[in-house]
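Inspection log for the structure reproduced underneath, given as structure tokens.
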Amino acid sequence: MATQVVMPKLSPTMEEGQLARWLKKEGDKVSMGEPLAEIDTDKATMEMQALSNGVLRKILINEGESAPLGQPIAIIGEPDEDISELLKTASTPKPEKAAQAPKSMPESDAATPVEVEPQEAEAPEATQPISSDGQKSRTDGRFLISPIAARMASEAGIDFKTVQGSGPGGRIVKRDIESAIGDQKKTAATKPAVGRISIPRPAREGVVYGPSAYRDEPVSEMRRTIARRLVTSLGPVPHFFLTIEIDMERAADMRHSLNELYPDLKLSINDLIIKVVAVSLIQHPEVNASFQDKTIRYYEHADIGVAVATENGLITPVVRAAELKPITEVATEVRALAERARARKLKPEEYTGATFSISNLGMFGIEEFTAVINPPEGGILAVGAMARKPVVREDRIEIRQTMRVTMSCDHRVIDGATGARFLQTFKQIMENPVYLFLDQ
Amino acid sequence: MSSQPTERNTRPKNSPAGSAGVLDRPEEPAAQLDEDRDTLVKVFHQMLLLRRFEEKCAESYSLGKIGGFCHLYIGQEAVGVGAISVLRPDDYVLTSYREHGQAIAKGISPEAVMAELYGKAGGCSRGKGGSMHLFDADVNFLGGHAIVGGQIPLATGVAFACKYKETDQVTLCFFGEAAVNQGAFHESLNMAQLWKLPCIYICENNMYGMGTSLERAMSSQNVASKACAYELASESVDGMDVLKMREATRRAIKRAREESSPTLIEARTYRYMGHSMSDPGKYRTRAEIEKYQERDPIKVFTKTLKDNGILSDSEIAEIEAQVKEEVERAVRFADESPLPDPKELYTDIYANPIN
Amino acid sequence: MPVMTMRDALNLALKEELARDSSVFLMGEEVAEYQGAYKVTRGLLQEFGPKRVIDTPITELGFAGLGVGAAMAGLRPIIEFMTFNFSILATDQIINSAAKMRYMSGGQFKIPIVFRGPGGSAYQVSSQHSQALESWYAYFPGLKVVMPSTPADAKGLLKSSIRDDDPVIFIEQERMYGMKGEVSEDADFTIPLGVAEVKREGTDATIIARSLMVPIALQAAEQLEKEGISCEVIDPRTIRPFDINTIVESVKKTNRAVVAEESHPFASVGAEISAEIAEHAFDYLDAPVKRISGADVPMPYAKNLEQLAIPDVARIVAAVKEVSYV
């Protein structure tokens with residue numbers, strides 16, 4: 001019977017081994033005890049011996065490649081034996097953890113009538129290719145997770161994509177989330193103050209987005225009272241304003257780098273701001289919302305209105321689902337929209353129905369200003385000029401590029417703290433825009 | 001002995017093909033007209049009503065007001081009216097899917113029948129049964145049943161219940177001659193005679209099971225003789241003669257009510273229309289139909305009534321006018337009756353619903 | 001409470017209901033003189049006479065239809081099939097007449113009839129006498145389907161079925177007639193139709209079993225308990241209408257479900273239960289619902305093959321472990 005040859009443990013501390021040299025080639029006869037390959041461990045180069053008789057049917061890793069302990073690296077069998085099953089399972093790396101997982105059936109199960117009801121220990125999904133990053137449960141971009149595990153993860157705020165599944169085919173099951181919740185509690189103290197940021201997965205190319213989908217939720221009694229009183233005080237859209245200063249060094253660097261890569265793109269800081277606002281809105285859906293008298297409408301996508309000054313006045317073309325679009329696409333789209341705006345060629349659906357707007361007067365050297373909300377949007381971000389300024393960093397005065405933004409909020413939907421948290425996320429990403437490129 | 005076969009079912013076993021029809025019967029003496037005038041007029045009125053009602057159904061069907069299957073009774077009126085007219089109101093009737101006429105004869109109003117055919121809430125089955133499933137518990141009309149022969153064991157059970165409860169009600173069960181080939185027929189006749197149940201089985205032999213003629217479907221075409229195997233009383237009757245139907249049914253009722261004993265009556269008749277409205281009738285000739293129409297039950301009975309001075313032409317015209325108005329009234333009622341409430345979809349499934 | 005066999009519990013139920021209501025009568029093959037092919041009707045002829053306890057010819061379609069007609073005319077028939085395998089001959093009357101009469105008459109008739117008899121596998125009676133037909137009958141609106149798993153349930157459920165105004169298919173398991181248990185002798189003791197019972201409480205996995213599979217599931221639960229897996233065993237008792245709530249509540253707690261049934265797997269009651277769990281408890285599942293069914297083959301005669309065709313403790317244990325990922 002054919003057997004898999006796995007990466008052996010050749011030193012007490014060895015976790016993976018690199019295949020230095022195969023001493024047999026596919027098709028060679030091997031007998032038990034015969035040297036098969038040389039393996040570089042963390043300590044030395046060791047000879048690895050065959051543990052069965054037969055023919056070296058298949059070499060699974062090439063010379064120079066590494067494999068964790070227990071991963072199949074070759075198959076030994078009879079010359080004409082069908083090894084397709086072994087090949088399939090061999091493509092699943094078997095990290096040590098899986099080996100420690102509770103073993104399957106006790107002896108008594110061997111007596112069960114397998115002809116009648118084959119045990120599906122090797123579920124079909126177990127044979128699917130698995131990405132090399134060691135996330136077992138991820139197959140072809142899909143995650144295997146049981147419904148209860150998914151729900152528990154979401155309730156506990158755990159990103160299940162970071163959890164190793166212990167079920168069949170790496171399915172994440174209840175106990176995996178339970179142990180992740182345990183871990184989360186342990187590490188809670190060391191977590192950064194700012195919440196985890198998850199960047200929406202980029203859209204597929206060529207997808208055209210219409211106005212964002214939304215859900216309406218009834219306005220609570222309390223919120224109705226807040227709305228009524230604020231309107232009495234401040235007019236139909238009761239604004240309030242929040243200002244924050246952003247360190248723009250990295251953003252400027254990134255813009256510079258991107259423009260080096262894509263000289264035709266002419267990426268502006270504003271393009272970057274649009275993208276970051278969109279991503280931040282998705283993190284804070286309560287800001288991506290509008291007051292609808294009896295309900296509050298929460299939008300699924302961030303459709304960003306970008307104020308453009310034209311000879312005839314202000315117009316705000318809309319970048320739909322900006323959170324899903326790569327920064328390069330945002331830049332291209334804004335450019336096209338602005339040109340069409342100045343040529344007065346925008347169609348109504350291109351400049352209505354934004355969920356949030358951005359107004360940038362930085363190019364005029366305006367350091368800081370307040371913008372007026374375009375109803376029924378819940379807010380607008382007024383962006384000032386980027387300027388080199390002395391700032392205190394780690395108790396030293398440094399010259400840094402900074403930028404001040406002021407968000408106008410519709411107080412009927414957005415409360416002070418809500419807006420502040422949104423700006424906090426915005427600042428966090430803006431000051432470290434590499435977040436945008438983290439694929440989860 | 002009532003349980004013995006009567007003389008009439010001793011026809012030669014292998015009668016020539018096509019000889020089982022009503023036209024092949026030997027000349028018989030005319031039925032006695034010893035009924036009172038009111039009864040005869042009522043019977044005539046009802047036969048005419050059934051004929052006009054069915055003609056209206058054909059029209060409504062072609063207008064799309066009646067859906068599904070629609071099996072008409074035209075030509076067979078003497079059987080249903082004759083048999084049912086001698087029942088007591090508390091006697092039971094169960095029948096097949098060709099039952100509009102029998103339902104009206106048993107006392108369901110033409111309005112309720114037409115509304116049922118229209119699928120309306122005012123129908124006798126509240127729009128849930130349709131043409132093949134007319135029911136009215138109030139007049140002991142226990143349904144049209146649409147699986148050939150399915151009503152025969154049911155009727156046997158109703159008769160069983162009457163005997164069990166020691167009432168003297170009888171149960172009349174109609175079915176076509178094609179049902180005679182079903183096991184249900186034979187199983188029922190066996191039980192009925194074994195347990196002496198007050199059930200009257202009336203086979204309406206109209207010569208065709210859908211498009212298949214009797215001689216193509218039955219090895220021995222003498223339906224009445226099927227009773228011999230179970231030692232059941234039986235007779236074969238001219239089903240185009242309403243008076244003979246009344247006489248034969250009376251004999252069977254007496255046997256059922258007084259001796260709690262079943263009877264099989266073969267009523268030889270003919271349907272003029274197709275099996276259903278969607279039947280092109282290619283399996284028989286126009287000439288054959290016309291031959292039978294000479295013996296049309298309404299025509300025959302009209303002549304008898306006129307010859308005996310019971311009805312004049314003007315009186316007949318008056319009855320025609322009444323019948324026309326009754327049918328019009330039924331159509332108006334059906335038209336005006338509302339559709340069943342959508343909530344009705346989920347009612348009447350269980351008598352004791354759970355959850 | 002006295003201990004008695006399921007056979008005697010059923011007999012007691014019949015006796016009490018025949019005594020309680022003169023419109024109840026019992027009809028079937030060998031129910032009277034012979035005292036019942038399985039002795040369920042023992043003594044009833046002697047007690048109630050030939051009017052109420054009636055031997056029939058072998059004419060299943062006929063007496064099933066007769067029963068429905070009698071029910072339409074106000075009686076409460078109990079129709080015994082010597083085994084449910086023979087009910088196949090009567091399905092026209094059960095399905096086309098009993099199940100639909102109330103609906104197609106616009107609610108004018110009730111059909112208070114019980115069709116009862118043994119079903120499922122027996123001991124080496126081969127293909128035509130070893131069939132679990134509950135999914136057939138449960139398919140039809142208008143019918144109720146009941147399957148007891150203990151003597152007490154048998155008595156309480158049969159009495160409720162006889163008193164119910166709708167047609168009830170009451171399937172007894174042929175192998176279980178000799179099973180013993182405590183049964184109330186109270187003539188008013190009944191068990192409502194449509195209510196599942198938790199036969200054993202547990203926290204880690206829910207086993208849904210009916211009829212013969214209930215004692216087998218309980219044995220499996222016993223064995224799993226020793227291995228640290230706590231199983232809840234639920235017997236729906238009534239297949240239609242089905243008490244899905246009790247099962248959903250259990251699955252919400254255990255996150256895992258195994259359905260054990262004697263019938264063939266395709267379009268079975270277990271398939272329906274699985275679908276219902278997926279529909280109503282999807283967000284609580286930690287593993288796909290696992291079904292353990294009878295083999296998808298006609299029942300073989302040879303003893304060893306027959307054993308392989310019927311789910312046993314080991315298969316249920318393995319299934320529970322599979323859904324528990326151990």
Side-chain angles (χ1 to χ4, degrees), chain B residues 92 94 116 121 123-130 132-138 140 142-147 149-165 169 171 182-184 186-192 194-195 197 340 344 346-355, chain C residues 22-23 25 27 51-52 54 56-75 77 89-90 92-93 95-97 99-113 141-144 163-167 192-195 238 240-245:
Chain B
Y92 289 98
L94 288 89
E116 186 61 31
C124 57
S125 303
R126 296 168 59 214
K128 288 176 159 180
M132 301 188 286
H133 305 299
L134 305 173
F135 288 88
D136 191 341
D138 289 342
N140 282 354
L142 267 48
H145 300 270
I147 305 297
Q151 71 275 25
I152 309 177
L154 292 173
T156 310
V158 174
F160 174 92
C162 293
K163 182 168 184 175
Y164 186 98
K165 291 191 283 189
Q169 291 155 290
T171 302
Q182 289 274 35
H186 296 274
E187 295 190 24
S188 297
L189 259 58
N190 181 49
M191 291 189 295
L194 186 67
W195 295 326
L197 303 179
E344 288 291 321
Y346 288 106
T347 62
D348 303 329
I349 303 161
Y350 293 103
N352 300 150
I354 297 172
N355 303 338
Chain C
S22 63
S23 67
F25 71 95
M27 175 177 268
K51 180 186 170 187
R52 312 272 315 273
I54 305 151
T56 65
I58 298 177
T59 188
E60 285 86 2
L61 173 67
F63 67 73
L66 183 150
V68 180
M72 287 181 85
L75 300 187
L89 288 156
D92 175 49
Q93 288 298 341
I95 293 164
N96 279 318
S97 296
K100 297 171 175 51
M101 201 68 75
R102 183 171 184 78
Y103 195 82
M104 64 188 188
S105 69
Q108 295 183 69
F109 296 92
K110 55 182 190 181
I111 310 293
I113 189 170
L143 297 180
K144 292 173 179 171
R163 295 181 191 186
D164 198 272
D165 282 337
D166 294 307
L193 304 187
V195 181
T238 302
R240 179 193 265 264
F242 194 75
D243 176 6
I244 189 62
N245 293 339

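Throughout, protein chains are lettered first and strands after them, A, B, ... in sequence-line order, and every chain is numbered starting at 1.
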So for [X], is it side chain, backbone, both, or neither that comes closer than 4.5 Å to the heavy atoms of chain B?
X	result
C/T56	both
C/N96	side chain
C/S97	side chain
C/L75	side chain
C/L89	neither

Considering only heavy atoms and a distance below 4.5 Å, find which of [options] pairs most often with chain C.
options	answer
B/G127, B/G129, B/G143, B/C162	B/G129
B/K165, B/M132, B/E116, B/K128	B/K128
B/T156, B/L142, B/N140, B/D138	B/L142
B/A146, B/A184, B/A137, B/G150	B/A137

Problem - Test item: B/F160 and C/M27 side chains (from C-beta on) under 4.5 Å apart, heavy atoms - result: yes

Exercise for the section: For residues C/I111 and C/M72, determine if any side-chain heavy atom of one lies less than 4.5 Å from a side-chain heavy atom of the other. Expected result: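 In short, these two side chains touch, coming nearer than 4.5 Å.
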
Fill in the blank from the handout: Of the listed C/G74, C/G107, C/S105, C/A73, the one with the largest count of heavy-atom pairs under 4.5 Å with chain B is C/S105

Problem - Option that, when pairs with chain B are counted at under 4.5 Å, heavy atom only, ranks first among C/D165, C/D166, C/T59, C/D164 - result: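 Result: the option with the highest number of such pairs is C/D166.
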
Handout entry: Ring-face cation contact, C/F25 with C/K51, 6.0 Å cut, 45° max
Key =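 Output no; distance or angle outside limits.
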
Exercise for the section: Looking only at non-hydrogen atoms, find the nearest pair between B/A155 and B/T171 and report the distance. Expected result: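 Distance-wise, the nearest heavy atoms are O-CG2, 3.7 Å.
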
Handout entry: Test log, rule side-chain contact (heavy atoms from CB on, under 4.5 Å), inputs C/L66 and C/Q93
Key = CA-CA 9 Å; C/L66 183 150; C/Q93 288 298 341; over 6 Å; no

Exercise for the section: Look only at the side chain of B/Y164 and the backbone of B/A159, and say whether a donor-acceptor pair between them is shorter than 3.5 Å. Expected result: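 No, the answer is negative, given that no donor and acceptor are paired below the 3.5 Å cut-off.
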
